[in-house]
**Q** 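What follows is a single structure, and I will ask about it in a moment.
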Amino acid sequence: MPEHRTAAPRHTLARLPGLAFGGDYNPEQWPEEVWQEDVRLMREAGVNLVSVGIFSWALLEPEEGVHDFGWLDRVVDLLHEHGVRVDLATPTVAPPAWFYRAHPEALPVTREGVRYSFGSRGAICHNSPAYREAAARITAEVARHYAGHPALALWHVHNEYGAPVSACYCDTCAAGFRRWLADRHGALDALNEAWGTAFWGQRYTSYEQIDPPRLTPGTCNPSQQLDYKRFADAAMRENFRAERDILHRLSPGVPVTTNFMTALSQCDTVDYWAWGREVDVVTNDHYLITDGRRTHVNLAMAADLTRSVAGGAPWLLLEHSTSGVNWQPRNPAKAPGEMARNSLAHVARGSEGALFFQWRQSRRGSEKFHSAMVPQGGTETRVWREVTALGAGLEALAEVKGSRTVADAAMVWDWHSWWAQSAEGQPSVDHRPQERADSFYEALYDRHLTVDFAHPEADLSGYPLVVVPALYLTTLSAGENLRRYVENGGTLVVSYFSGIVDEHDAVHPGPYPGALRDVLGLTVEEWSPLLPGETVRVNGPDGTSARADMWSEAVVPAGAETVWSYDDGPSAGRAAVTRHRLGAGAAWYVSTRMDAAGTASVLRAARADAGLAERDDLPHDVEVVRRSGDGGDYLFVVNHSARPARVPLPDSGTELLTGERTTGALAVPPGAVRVVGPDR
Ligand code: GAL
């Protein structure tokens, strides 16, 4: 199977009845009397799955080799008695204080050479032999102890690999990096060539001379930085695999997961295409980032990316928040109804339920001001009322389980390309690949298209429309893949700064955009990034025009037709947006950062090429997503707007949350969610 392909998960969440509902449960923070109240309230809210033991290593192994499972046995038995299934963690993200006293070298070192201290969590050098051994031992102890427990539904390995430490730069890692490089590049000449060490006199004559990309006086070799991210990712995956294999051996038949954070920019150094192949069930954590963007669009994107990492199969939202988080500078509470919209939007996009961080809000520690299912204020609160309503709602939606979200278009995304263009020394610091992905995603979202993500070398033939935002690193085979896709009838939309370098971050020979020249039918003579505040006008067909900023360039069409051109600025008079008819398809190129209206206009034209009907009948900010299964289709309608919405329905059906029969059109109150299933 090619590297980029995601294997279908080997197991499903079949052990759970209906959709999963619950959260991280940290009973060790509470006296046992509270546990009784917890299980009573869990029943009241319809909780059927909780994640337990994520940070419990210090309690489960209070001294090296001495284990105490008594308290956790009582918790797991109690949950079982109350019909709550358990997603049981290996506690390897939080090694105990005694471990670090014995093995201070297992604390990770920053790029600047500073060693982290104990007192938080996730302080792990993933190449430390002492850590690897201790993690394998505690994993085996936990697995042996709980294998076969009837409450056990899922194994939860570690927690959010890559956060908060994405890579360690210690001497052990340096040695591991050298071995990894020798495996990857073979003879040293090949590495010298791949990294371009002729530049700035960086030539190596022995692998022993190579270090991690630690702090350097000037820009550190970007190819070395890129390979280091790959190495850090591989080390974490090796540790995940080691724990997973122990769990498979000692607790066969129980699926193993680790919670991802697919939202872009959260876990630098985790290539989720590769991780998707390793887990039995894909699970994800998602938190709203309050940075002025539309949070529900960002949520939809993360959910689509998670489903894509799962190869289109159902996945599970393992963490999100009932209300505010506590790790941003300012942490607004969720508005009434927002939590349910968030949860059900994840379900629309393939999640088999909705879990939260966390069940009961902590009284102590650094997350005491983070919202929870049971807030500090207890059950006489809006949050608790909304939690219980959501539990009932998920129960009413049980039949959607196993159905799959249907996508209309695809967006190409590759973590390696993102890493490569995050290095210093780029044409403009204002260019961020994630911004391009966000912006194109938002444009597709606003045109009511459901998007799958795909690796650049994946089979794209099932998608009428494929958007490629800033695929700076494009291998020749990815370029070939995109060309074949268009020749066979696909419609491609590519943004600037794509097709530039190979897998080692070396510029493809010849004019830009090396790997995509043929498919786009053009070359680019020179980039001319714009200064902050500088904008240019671009003119399109039929008198349309738009503003653009940040980037412009000198496009030289070679087969492509000019559809939009620069009116002013450094590229005045030249092509700004082009269209290349190739074989049975068309490839669009967008050479600047167009405003939202301009981008929408280009996508409208590309959509027509792709034969995708416009959905002008659907209101703005009303999300309409279809899941399809053996039992029929489920139409999720999430009204993010403050206005009542009316959505036309192809067939009559039953609205699952209200039980009402629907025919012709569906009325959705402001802020509400409706899910129409087959006629009963
Ligand atoms: C997650 C983490 C949880 C909790 C949560 C708070 O990233 O897995 O343990 O810290 O963030 O938002």
Side-chain angles (χ1 to χ4, degrees), residues 291-294 297 301 411-412 417 421 426-447 449 465-472 491-500 511-513 516-517 520-558 560-580 586-609:
D291 62 358
R293 288 179 301 158
R294 292 152 77 207
V297 180
M301 183 168 170
M411 179 172 283
V412 166
S417 174
Q421 60 195 304
Q426 303 289 325
S428 172
V429 291
D430 297 326
H431 167 66
R432 290 182 307 107
Q434 191 195 331
E435 181 278 327
R436 282 296 74 198
D438 287 347
S439 153
F440 275 106
Y441 183 90
E442 189 166 4
L444 295 167
Y445 179 98
D446 282 340
R447 312 239 42 89
L449 293 170
L465 177 67
V466 172
V467 175
V468 183
L471 190 68
Y472 162 76
T491 301
L492 192 70
V493 179
V494 178
S495 86
Y496 57 85
F497 216 42
S498 297
I500 308 301
Y512 308 134
L516 297 176
R517 280 192 303 257
L520 296 174
L522 53 81
T523 62
V524 173
E525 204 178 311
E526 199 176 16
W527 297 314
S528 203
L530 304 174
L531 299 179
E534 189 181 357
T535 63
V536 294
R537 174 165 297 281
V538 285
N539 296 327
D542 307 322
T544 45
S545 77
R547 309 272 345 152
D549 68 355
M550 219 283 290
W551 191 275
S552 74
E553 56 186 29
V555 175
V556 183
E561 54 178 304
T562 300
V563 186
W564 291 66
S565 26
Y566 289 97
D567 188 50
D568 53 11
S571 309
R574 309 190 75 123
V577 176
T578 60
R579 175 171 177 266
H580 185 216
W588 290 76
Y589 182 62
V590 185
S591 75
T592 182
R593 186 165 81 173
M594 297 172 92
D595 61 17
T599 305
S601 169
V602 172
L603 286 177
R604 185 176 278 271
R607 183 176 182 152
D609 274 348

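This structure is a prediction, so every number in the text was calculated from the model and none was measured.
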**Q** Report yes if the side chains of Q426 and F497 come closer than 4.5 Å at any heavy-atom pair, otherwise no.
**A** yes

**Q** Under 4.5 Å between any side-chain heavy atoms of L522 and P513, yes or no?
**A**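 Yes; the side chains approach each other to less than 4.5 Å.
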
**Q** With sequence neighbours excluded, tell me which residues meet salt bridge (charged side-chain N to carboxylate O under 4.0 Å, His left out) with D595.
**A**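 Partners of D595 under the salt bridge (charged side-chain N to carboxylate O under 4.0 Å, His left out) test: none.
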
**Q** Would a 4.5 Å heavy-atom cut-off, applied to side chains only, mark F440 and V493 as touching?
**A**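 Heavy-atom side-chain distance check passes, below 4.5 Å.
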
**Q** Please report the closest heavy-atom contact between V602 and W564, naming both atoms and the distance.
**A** CG2-NE1, 3.8 Å

**Q** Which heavy-atom pair separates S495 from S498 by the least distance, and what is that distance?
**A**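 That would be O-OG, 2.7 Å.
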
**Q** Is E525 close to R574 at the side-chain level, that is, under 4.5 Å between some pair of heavy atoms?
**A** yes

**Q** Just do the side chain to side chain contact (heavy atoms under 4.5 Å, CB included) check on Y496 and V524 with the steps written out, would you?
**A** CA-CA 10 Å; Y496 57 85; V524 173; over 6 Å; no

**Q** How many angstroms lie between atom NE2 of H580 and atom CG of L492, to the nearest 0.5 angstrom?
**A** 12.0 Å

**Q** Holding to salt bridge (charged side-chain N to carboxylate O under 4.0 Å, His left out), I want the full list of residues that pass it with R447, two or more places apart in sequence or in another chain.
**A**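 Result, salt bridge (charged side-chain N to carboxylate O under 4.0 Å, His left out) vs R447: E614, D616.
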
**Q** Should E442 and M301 count as side-chain neighbours, where that means a heavy-atom distance under 4.5 Å?
**A** no

**Q** Ignoring hydrogens, what is the shortest heavy-atom contact between A587 and L520? Give both atom names and the distance.
**A** CB-CD2, 4.1 Å

**Q** Begin from the C-alpha positions of L444 and L465 and carry the test side chain to side chain contact (heavy atoms under 4.5 Å, CB included) through to its verdict.
**A** CA-CA 11 Å; L444 295 167; L465 177 67; 4.2 Å; yes

**Q** For D291, give me all partners under salt bridge (charged side-chain N to carboxylate O under 4.0 Å, His left out), at least two apart in sequence or on another chain.
**A** R293

**Q** Which heavy-atom pair separates L603 from A443 by the least distance, and what is that distance?
**A** CD1-CB, 3.4 Å

**Q** Under the rule for side-chain hydrogen bond (donor to acceptor under 3.5 Å, both in side chains), what residues qualify as partners of W588, not counting sequence neighbours?
**A** D609

**Q** So does A576 get a backbone contact from the side chain of S591, meaning a donor-acceptor N/O pair under 3.5 Å?
**A**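 Yes, S591 side chain to A576 backbone: donor-acceptor pair under 3.5 Å.
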
**Q** Could you pull out all donor-acceptor pairs under 3.5 Å where a side-chain atom in residues 544-555 meets a protein atom, sequence neighbours excluded?
**A**
unit_1	atom_1	unit_2	atom_2	d
T544	OG1	P541	O	2.6
S545	OG	R537	NH1	2.7
R547	NE	T535	OG1	3.4
R547	NH2	T535	OG1	2.8
D549	OD1	R593	NE	2.7
D549	OD1	R593	NH2	3.3
D549	OD2	R593	NH2	3.1
W551	NE1	E553	OE1	2.9
S552	OG	S528	O	2.9
S552	OG	S571	OG	3.4
E553	OE1	W527	NE1	3.3
E553	OE2	Y589	OH	2.4

**Q** For E561, look at atom CD and say whether over 12 heavy atoms of other residues, nucleotides or ligands are found less than 6.0 Å away.
**A** yes

**Q** Is the shortest side-chain heavy-atom distance between S428 and L530 below 4.5 Å?
**A**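 A side-chain contact is absent here, since even the closest heavy-atom pair is not under 4.5 Å.
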
**Q** Report the C-alpha separation of V412 and V466 in whole Å, then their side-chain angles, then the decisive distance to 0.1 Å, and conclude whether the side chain to side chain contact (heavy atoms under 4.5 Å, CB included) test is met.
**A** CA-CA 7 Å; V412 166; V466 172; 3.7 Å; yes

**Q** So, using salt bridge (charged side-chain N to carboxylate O under 4.0 Å, His left out) as the criterion, who are the partners of E534 when residues are at least two apart?
**A** none

**Q** Is there a side-chain contact between D446 and R294 (heavy atoms, below 4.5 Å)?
**A**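 Yes - at least one pair of side-chain heavy atoms lies under 4.5 Å apart.
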
**Q** Using the rule given for side chain to side chain contact (heavy atoms under 4.5 Å, CB included), can you reason through I500 versus Q421, listing the C-alpha separation, both sets of side-chain angles and the distance that settles it, and then say yes or no?
**A** CA-CA 10 Å; I500 308 301; Q421 60 195 304; over 6 Å; no

**Q** Less than 4.5 Å apart, any side-chain heavy atom of L449 and any of R607?
**A** yes

